[in-house]
2 protein chains.
Amino acid sequence: MKNKIKELRKSAKLSQEELAKLCYVTRQTINAIENEKYDPTLQLAFSIASVLNTTVDELFINEFTKN
Amino acid sequence: MKNKIKELRKSAKLSQEELAKLCYVTRQTINAIENEKYDPTLQLAFSIASVLNTTVDELFINEFTKN
DNA sequence: TTGAAATGTCAAATACTTTTTACATAACAA
DNA sequence: TTGTTATGTAAAAAGTATTTGACATTTCAA
């Protein structure tokens, strides 16, 4: 799933490691999500959105469309 | 994580099984999420929100973020 | 009251997410 | 250039989500 994490993280002048700490996950997890290796858990999605002062719906671009 | 799925599903007059089919998951998955056995994946959270005509941020109540 | 539909639950298997450790490269300032 | 910080990546292990099949209970309309 596409997301705006890298963009918003840079706007907030945070490194991947700093964002990771604020979200209580590892740097590798943030890196993998930014590079779309996999999607975060819902919990982590909320945590990242919160730290980046946005919402899950704004941060992630939902590809799901019925038909 | 708390959610409003059961409430909104009933408003939409859908059974767990019908909602499940619309989200391409099983009835047991919807049941488990409604009863908070575990959280859905981010993908499924978007899918459920979409089917129930709402947003992920409205549908789920994040205890840490508190929206 | 009866029967069907809906819901709750469980266990085993499979798939996906996160951590840990480690190493490589990139970016960048001194 | 040199050193430091930031980023990309990988593999193994642990943790979490989903499916499948099954059975029990609850709900509710006829």
Side-chain angles (χ1 to χ4, degrees):
Chain A
M1 188 182 305
K2 290 204 197 318
N3 69 69
K4 303 174 183 168
I5 298 174
K6 184 171 294 189
E7 176 189 342
L8 294 183
R9 173 177 62 78
K10 286 182 173 174
S11 294
K13 296 198 196 299
L14 294 172
S15 67
Q16 290 181 347
E17 185 155 35
E18 289 168 326
L19 176 56
K21 277 178 183 152
L22 291 168
C23 296
Y24 306 100
V25 292
T26 64
R27 178 178 74 75
Q28 286 84 340
T29 295
I30 296 297
N31 184 280
I33 295 165
E34 281 193 356
N35 291 296
E36 288 159 21
K37 301 297 182 193
Y38 48 74
D39 291 333
T41 58
L42 184 57
Q43 192 72 249
L44 180 52
F46 271 107
S47 183
I48 297 170
S50 175
V51 168
L52 296 179
N53 286 299
T54 187
T55 63
V56 170
D57 291 280
E58 279 292 328
L59 191 54
F60 295 88
I61 295 138
N62 178 21
E63 287 144 355
F64 178 85
T65 35
K66 288 176 302 174
N67 316 318
Chain B
M1 189 181 305
K2 290 205 197 316
N3 68 71
K4 303 174 183 168
I5 297 174
K6 185 171 294 189
E7 176 189 343
L8 293 182
R9 173 177 62 78
K10 286 182 173 174
S11 295
K13 298 199 196 299
L14 293 172
S15 67
Q16 290 182 346
E17 185 155 37
E18 290 169 325
L19 175 56
K21 278 178 183 153
L22 291 168
C23 296
Y24 307 101
V25 293
T26 64
R27 178 179 73 77
Q28 287 86 336
T29 295
I30 296 296
N31 184 279
I33 295 165
E34 280 193 356
N35 291 296
E36 287 158 20
K37 302 297 182 192
Y38 49 74
D39 292 333
T41 57
L42 184 57
Q43 192 75 247
L44 179 51
F46 271 108
S47 183
I48 298 170
S50 174
V51 168
L52 296 178
N53 286 300
T54 187
T55 63
V56 170
D57 291 280
E58 278 293 328
L59 191 53
F60 295 88
I61 296 137
N62 179 15
E63 289 144 2
F64 293 106
T65 305
K66 289 211 175 75
N67 45 329

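Small disclaimer: the values here were computed from a predicted structure and weren't measured.
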Atom pair distance, as rounded to whole Å: [atom1] in [X] and [atom2] in [N]:
{"X": "A:Glu17", "N": "C:dT18", "atom1": "CD", "atom2": "P", "value": "17 Å"}
{"X": "B:Leu44", "N": "C:dT17", "atom1": "CG", "atom2": "P", "value": "12 Å"}
{"X": "A:Asn3", "N": "C:dT17", "atom1": "CG", "atom2": "P", "value": "13 Å"}

Consider the side chain of A:Ile33, meaning its heavy atoms from C-beta on, and name the nucleotide among C:dA22, C:dT18, C:dT7 that approaches it most closely.
C:dT18
Select one nucleotide: of C:dT19, C:dT9, C:dT21, the one nearest the side-chain heavy atoms of A:Tyr38.
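For A:Tyr38, the side-chain atoms sit closest to C:dT19.
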Taking for each residue the nucleotide of DNA chain C bearing the nearest heavy atom, is the 5' side occupied by A:Val25 or by B:Glu34?
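Between the two, 5'-proximity favours B:Glu34.
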Sugar-phosphate, base or nothing in reach of [X], heavy atoms under 4.0 Å:
{"X": "A:Lys10", "result": "nothing"}
{"X": "B:Thr26", "result": "base"}
{"X": "A:Ser15", "result": "sugar-phosphate"}

Shortest non-hydrogen contact from [X] to [Y]?
{"X": "A:Glu36", "Y": "A:Met1", "answer": "CG-O, 3.4 Å"}
{"X": "B:Glu34", "Y": "B:Gln16", "answer": "OE1-NE2, 3.0 Å"}
{"X": "B:Asn62", "Y": "A:Ser47", "answer": "ND2-N, 4.5 Å"}
{"X": "A:Pro40", "Y": "B:Leu42", "answer": "O-CB, 3.6 Å"}

With DNA chain D as reference, determine whether B:Lys37 or B:Arg27 sits nearer its 5' end, using the nearest nucleotide of each.
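Result: B:Lys37.
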Closer to the 5' end of DNA chain D via nearest nucleotide, is it A:Glu18 or B:Gln28?
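The residue closer to the strand's 5' end, by nearest nucleotide, is A:Glu18.
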A:Leu22 and side chain to side chain contact (heavy atoms under 4.5 Å, CB included): which single residue from A:Ile48, A:Ile30, A:Leu52, A:Val51 fits?
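It is A:Val51, the one option of A:Ile48, A:Ile30, A:Leu52, A:Val51 that forms the side chain to side chain contact (heavy atoms under 4.5 Å, CB included) with A:Leu22.
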Checking B:Asn3 side chain against B:Ile33 main chain: does a donor-acceptor pair fall under 3.5 Å?
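Answer holds: yes.
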Range on DNA chain D touched by chain B, heavy atoms, distance below 4.0 Å
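Footprint of chain B along DNA chain D, 5' to 3': D:dA17 to D:dA22.
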So, does [X] get its side chain near the phosphate of [N], meaning an N or O under 4.0 Å from OP1 or OP2?
{"X": "B:Asn31", "N": "C:dT7", "value": "no"}
{"X": "B:Lys6", "N": "C:dG8", "value": "yes"}
{"X": "B:Thr41", "N": "C:dT17", "value": "no"}

Crowded around A:Lys6 NZ? As in, over 12 foreign heavy atoms under 6.0 Å?
yes
